[in-house]
Amino acid sequence: MWDPQQYLRFDDHRARPYFELVGRIGAEKPRRVVDLGCGPGNLTVQLAQRWPDATLEAADSSPEMVAAAQARGLDARLADVREWQPAPDTDVVVCNAVLQWVPGHPELLPGWVRALPEGAWLAFQVPGNFDAPSHRAIRELAGQPQWRERLTDSGILEPRAVLDPAGYAQILTGSGCSVDAWETTYLQALGGPDPVLEWVTGTALTPVRTALDDAAWEQFRRELAPLLHAAYPQQPDGTTWLPFRRVFVVAHK
């Protein structure tokens, strides 16, 4: 249950990794550009501006996100990333902040590379902050007796498995690609009374929102708020600093 409006509350903060990722793609005149996990489409439109002559393919697994992308004029469709296969003319694939939601996603990468034409580019980035205080607080609360039974099947109790840059580079160089892989920790300056709570509400808490009814959801947020305040104290000037680690990979076949 994705909420495009909540996700876009921090669109500037979330957009920076996207532009740094896409900026490392060297394709000049791709025939088809795919945004796999396009979300509400606010960043997908940038791909159309960079490569105006390319066929733009946009897909997401969330009906709410697909509807938001279509409202921007994109020809977005509903798709499961685990079942997606590139069309023969796919020269660029962008997968931004998606693969962390896909268990076993490293196993998908060699198959995608085999199916892509020579010269194609595969670029993705994933969060590397699943051991951050925010995520530990979410798992700690979700594991409490009043929540554990209701959230057992949500997946929130287990940290999501992502590799470090070297792990992804090993897989993709073994598949015949040249690889540029790195990580960056941004220090996000957030404002407002509960900024980290609002931040994780747009992403990390999505499985919790899906599992709970409205009353339980609001209660979970109320119990989580003081844990996040303790982990990320507000500074005297009203700023809350949120370290935001990302892992980037750009592979060229």
Side-chain angles (χ1 to χ4, degrees), residues 7 10 13-27 34-39 43 61 80-82 84 86 92-116 120-140 142-143 154-190 196 199-200 202-207 228 231-232 241-253:
Y7 183 84
F10 299 98
H13 297 78
R14 300 191 194 283
R16 184 176 173 186
Y18 183 91
F19 287 114
E20 292 193 11
L21 176 72
V22 173
R24 297 294 293 173
I25 299 174
V34 179
D35 193 349
L36 193 58
C38 64
L43 297 174
S61 63
D80 187 331
V81 68
R82 295 166 296 185
W84 177 83
V92 173
V93 179
V94 178
C95 196
N96 183 64
V98 173
L99 293 177
Q100 73 274 12
W101 298 104
V102 184
H105 67 266
E107 300 172 5
L108 295 174
L109 302 177
W112 289 353
V113 171
R114 286 193 297 270
L116 288 169
W121 296 79
L122 169 63
F124 62 90
Q125 64 96 358
V126 293
N129 60 341
F130 294 110
D131 287 325
S134 57
H135 290 64
R136 292 200 303 268
I138 293 169
R139 293 196 297 271
E140 175 187 336
S154 69
I156 200 68
L157 291 167
E158 300 296 331
R160 299 190 179 277
V162 299
L163 305 182
D164 62 11
Y168 289 117
Q170 182 176 0
I171 291 172
L172 290 165
T173 54
S175 298
C177 295
S178 59
V179 178
D180 182 10
W182 72 99
E183 66 177 66
T184 299
T185 297
Y186 303 93
L187 190 59
Q188 306 285 24
L190 306 181
V196 180
W199 178 279
V200 297
T203 51
L205 287 181
T206 301
L228 296 177
Y232 303 93
W241 295 105
L242 176 69
F244 185 54
R245 177 176 176 260
R246 315 298 290 188
V247 175
F248 299 79
V249 181
V250 176
H252 185 208
K253 180 176 177 178

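Computed over heavy atoms, backbone and side chain alike; hydrogens, waters and symmetry mates excluded.
The main-chain N or O of Gly128 is found under 3.5 Å from a side-chain atom of Arg245 such that the two form a donor-acceptor pair. Judged by distance alone, with hydrogens and angles left aside, the side-chain atoms of Tyr232 form no donor-acceptor pair with the main-chain N or O of Val196 at under 3.5 Å.
For the pair Leu43 and Val22, the minimum side-chain heavy-atom distance is 4.5 Å or more. No side-chain heavy atom of Ser61 sits under 4.5 Å from any side-chain heavy atom of Trp84. In this structure, the side chains of Val247 and Pro165 come closer than 4.5 Å at one or more pairs of heavy atoms. With a 4.5 Å cut-off on side-chain heavy atoms, His252 and Cys177 do not count as touching. Val94 is listed as a side-chain neighbour of Leu21, based on a closest heavy-atom distance under 4.5 Å. In this structure, the side chains of Pro17 and Phe244 come closer than 4.5 Å at one or more pairs of heavy atoms.
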Do any side-chain atoms of residues 106-115 form donor-acceptor pairs under 3.5 angstrom with protein atoms, and if so which ones, sequence neighbours left out?
none

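The distance from the CG atom of Leu157 to the CD1 atom of Ile138 is 11.0 Å, given to the nearest 0.5 Å. Rounded to the nearest 0.5 Å, atoms OH (Tyr18) and CG (Asp35) are 4.5 Å apart. Note that OG of Ser178 is 12.5 Å distant from NZ of Lys253, once rounded to the nearest 0.5 Å. Distance check: Ile25 CD1 to Asp180 CG gives 11.0 Å after rounding to the nearest 0.5 Å. A distance of 8.5 Å separates CG in Leu205 from NE2 in His135, rounded to the nearest 0.5 Å.
In terms of heavy-atom proximity, Ile156 sits nearest to Ala142 at CG2-CB, 3.7 Å. Considering every non-hydrogen atom in both Val250 and Ala123, the closest pair reads CG2-CB, 4.0 Å. Residues Arg246 and Tyr186 come closest through the heavy atom pair CG-CE1, 3.6 Å. Between Pro243 and Thr185 the shortest heavy-atom distance is CB-CG2, 4.2 Å.
For Phe124, the ring-ring contact (aromatic ring centres under 6.0 Å, His included) partners are Tyr168, not counting sequence neighbours. Applying the ring-ring contact (aromatic ring centres under 6.0 Å, His included) criterion to Trp182, with sequence neighbours excluded, gives Phe248.
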Worked verdict on His105 versus Val162 for side chain to side chain contact (heavy atoms under 4.5 Å, CB included): CA-CA 8 Å; His105 67 266; Val162 299; 4.2 Å; yes
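For the pair Asp131 and Arg139, the salt-bridge criterion is met [side-chain N within less than 4.0 Å of a carboxylate O].
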